[in-house]
Asker: 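This is the structure I want to talk about, given as structure tokens.
Sequence positions, counted from 1, serve as the residue numbers for this chain. All values below were derived from every heavy atom in this structure, side-chain atoms included, with hydrogens, water molecules and symmetry-related copies excluded.
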Amino acid sequence: MLSTLQPPRCSLSRFPLHLPSKPFFFHSKQTPYPIANSALTDQLPSSNASQSIHSQILSIRHSLLSRQITATQLAESYLNRLRALEPHLNSFLHVSESVLSDAREIDGKIQRNEEVGPLAGVFVGVKDNICTAGMPSTGGSRILEGYRPPFDATAVKRIKELGGIVIGKTNLDEFGMGSSTEGSAFQVTANPWDLSRVPGGSSGGSASAVSARQCVVSLGSDTGGSVRQPASFCGVVGLKPTYGRVSRFGLMAYASSLDVIGCLSTTVADAGILLHAISGHDTHDATSSKREVPDFASQFGAVDSLESKPLKGLRIGLIRETLENGVDGEVNSAIRAAASHLEELGCSINEVSLPSFSLGLPAYYILASSEASSNLARYDGVRYGNQAVADELTGLYENSRATGFGSEVKMRILMGTYALSAGYYDAYYKRAQQVRTIIQKSFREALDENDILISPAAPSAAYKIGEKVNDPLAMYAGDIMTVNVNLAGLPALVLPCGFVRDGSSNLPVGLQMIGAAFDEGKLLKVGHIFEQTLSERRFVPPLLADDIVG
């Protein structure tokens, strides 16, 4: 049982990453090695700034192109750390067998002075409900156990085209239905900050892997907070893009009007670079936006180049309903301290009221469950999914779904089917859609008066494994801070802002920033300045504290 494990005493200094002590910019004029001629490469910051931006991606790129280290050495270091920690964390369901060969290919290109992509040598964890060619993609469910897609999701394809290396597939609640990653059909993932606690969900494996530096960045999916809540629990950055910013092609559908692919990283800069890599219109996804992808990297500047009030004139709305009853007192204090820090940076802070905020949770679960009941109908053992043995067709359907789906998935399918059934459609599904419209309007009005809205990412810090597994209503209530953003289709950024003390553990707290549709650039700019100016804060889990700097 993971809750009985103690933090491993092994020293990870045996697996050094050999990166420069400070991150570096890469500037094309300072190296004889050609780089990829892509928009993303052109938009990476240059070394003209007097102090480097905190970014593992930029640091890795500089180290490779200056030949301080090889991609193969990096791959071995990350794989060693992954294997050392995996028995304790269970972040991954599958580790790629081609990591070293992919790294050697990058080394060969550098040796031959050939172009390498801007994500060359960046090891990416991919949530296991996002398809990867030739690698298992189970959605955390027994019904897809052993499934290997013949194609990559568009987001994965774009990462690979830019030189990124998929290091493995991360654990999740089955089909993304859960808030703790205890709902996986295969294993329970632990939180690197305290192995007796959950990492959040459903992208708990992706958040845990980034927090433990088992990969550089990772992809998750966010239907009602599944990137942002784990980011808060694990002390990392989580970015949920605007609905339509990133193609959903290759993402296993849970609730199609809510699902988005998001980014997890240790810094805001890395989240922005990764978002730029995966964004853009896709002919395979009719809901993907044709809007031009902006230069997110232009939002990142060195801390010593900032003015004394770098955010002067920015209007921040603190959502009153997110700091009322039901929110942990220390979480409340951490968020108010973060608001004070933003005020010191020049922002004007105003409390705003969203009266419809509390209606989001029931509306979300009706809509998400209804869409899930439709989307998951395909897994019947005939069209999709593993097939159970039966004497006749009806029995085949029943046995395949009974043995393939877990209890949470079954419950949500039943809830959704009920809400869509004749006689109840108007009372539940139609009314939930009306509430969704009200929520969208209230956010639009609030963002007309404010540039950004802020709130906690979760009402508490990470809780114990098993604490809420038999109380689904309590677990659902933990999503109250995040589901409204999905219902409104807006972008949101979560980044660590403080700690909560619980017994012997210091647990991270995440600040959620919400922006207007397709305004990720503003969120990244504010988040980056907030992160760079947050003094004396190191969001590194205790089991890595002696071996990782920043």
Asker: Residues in ring pair (Phe, Tyr, Trp, His ring centres under 6.0 Å) with H341, at least two apart?
Answerer: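 Applying ring pair (Phe, Tyr, Trp, His ring centres under 6.0 Å) to H341 gives F530.
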Asker: Check the pair R148, S137 against side-chain hydrogen bond (donor to acceptor under 3.5 Å, both in side chains), reporting the backbone distance first and the verdict last.
Answerer: CA-CA 6 Å; R148 290 176 179 256; S137 300; over 6 Å; no
Asker: Excluding sequence neighbours, so at least two apart, what forms side chain to side chain contact (heavy atoms under 4.5 Å, CB included) with S340?
Answerer: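 Listed in chain order: nothing, the list is empty.
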Asker: F186: what forms a ring pair (Phe, Tyr, Trp, His ring centres under 6.0 Å) with it, not counting sequence neighbours?
Answerer: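 For F186 there are no ring pair (Phe, Tyr, Trp, His ring centres under 6.0 Å) partners, ignoring immediate neighbours.
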Asker: Who are the side chain to side chain donor-acceptor pair (under 3.5 Å) partners of K240, not counting sequence neighbours?
Answerer: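 Side chain to side chain donor-acceptor pair (under 3.5 Å) list for K240, sorted by chain: empty.
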Asker: Mind checking what makes salt bridge (Lys or Arg N to Asp or Glu O under 4.0 Å) contact with D519, not counting sequence neighbours?
Answerer: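 Applying salt bridge (Lys or Arg N to Asp or Glu O under 4.0 Å) to D519 gives K522.
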Asker: Report the residues that fulfil salt bridge (Lys or Arg N to Asp or Glu O under 4.0 Å) with R112, sequence neighbours left out, ordered by chain and then residue number.
Answerer: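 Expected list: E114.
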Asker: Got a sec, which residues hit side chain to side chain donor-acceptor pair (under 3.5 Å) with T223, two or more places apart in sequence or on another chain?
Answerer: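 In terms of side chain to side chain donor-acceptor pair (under 3.5 Å), with neighbours along the sequence ignored, T223 is linked to D259.
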Asker: Taking only residues two or more places apart in sequence or in another chain, which ones pass side chain to side chain donor-acceptor pair (under 3.5 Å) with R245?
Answerer: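 Testing R245 for side chain to side chain donor-acceptor pair (under 3.5 Å), a comparison that skips the adjacent residues, returns E520.
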Asker: Let me confirm one number: the CH2-CZ distance from W193 to F539, rounded to the nearest 0.5 Å.
Answerer: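 If we round to the nearest 0.5 Å, W193:CH2 and F539:CZ are 7.0 Å apart.
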Asker: Applying salt bridge (charged side-chain N to carboxylate O under 4.0 Å, His left out), which residue pairs with at least one partner in residues 191-205 are found, sequence neighbours left out?
Answerer: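 As it turns out, the salt bridge (charged side-chain N to carboxylate O under 4.0 Å, His left out) pairs with a partner in residues 191-205, which skip direct neighbours, are D194-R197, R197-D502.
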Asker: Scan residues 152-175 for pairs that pass salt bridge (charged side-chain N to carboxylate O under 4.0 Å, His left out), counting only residues two or more places apart or in two chains.
Answerer: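 Qualifying pairs: D128-K169, D152-K160.
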Asker: Identify the two heavy atoms, one from A457 and one from S232, that lie closest to each other, and give their separation to 0.1 Å.
Answerer: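 Minimum heavy-atom contact is CB-CB, 3.7 Å.
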Asker: Tell me if the centroids of the rings in Y78 and F123 come within less than 6.0 Å of each other.
Answerer: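 Distance test on ring centres: under 6.0 Å, yes.
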Asker: With sequence neighbours excluded, tell me which residues meet side chain to side chain contact (heavy atoms under 4.5 Å, CB included) with A185.
Answerer: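 Testing A185 for side chain to side chain contact (heavy atoms under 4.5 Å, CB included), a comparison that skips the adjacent residues, returns R142.
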Asker: Quick one: side chain to side chain donor-acceptor pair (under 3.5 Å) partners of D282, sequence neighbours excluded?
Answerer: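 With neighbours one apart ignored, the set is T154, S247.
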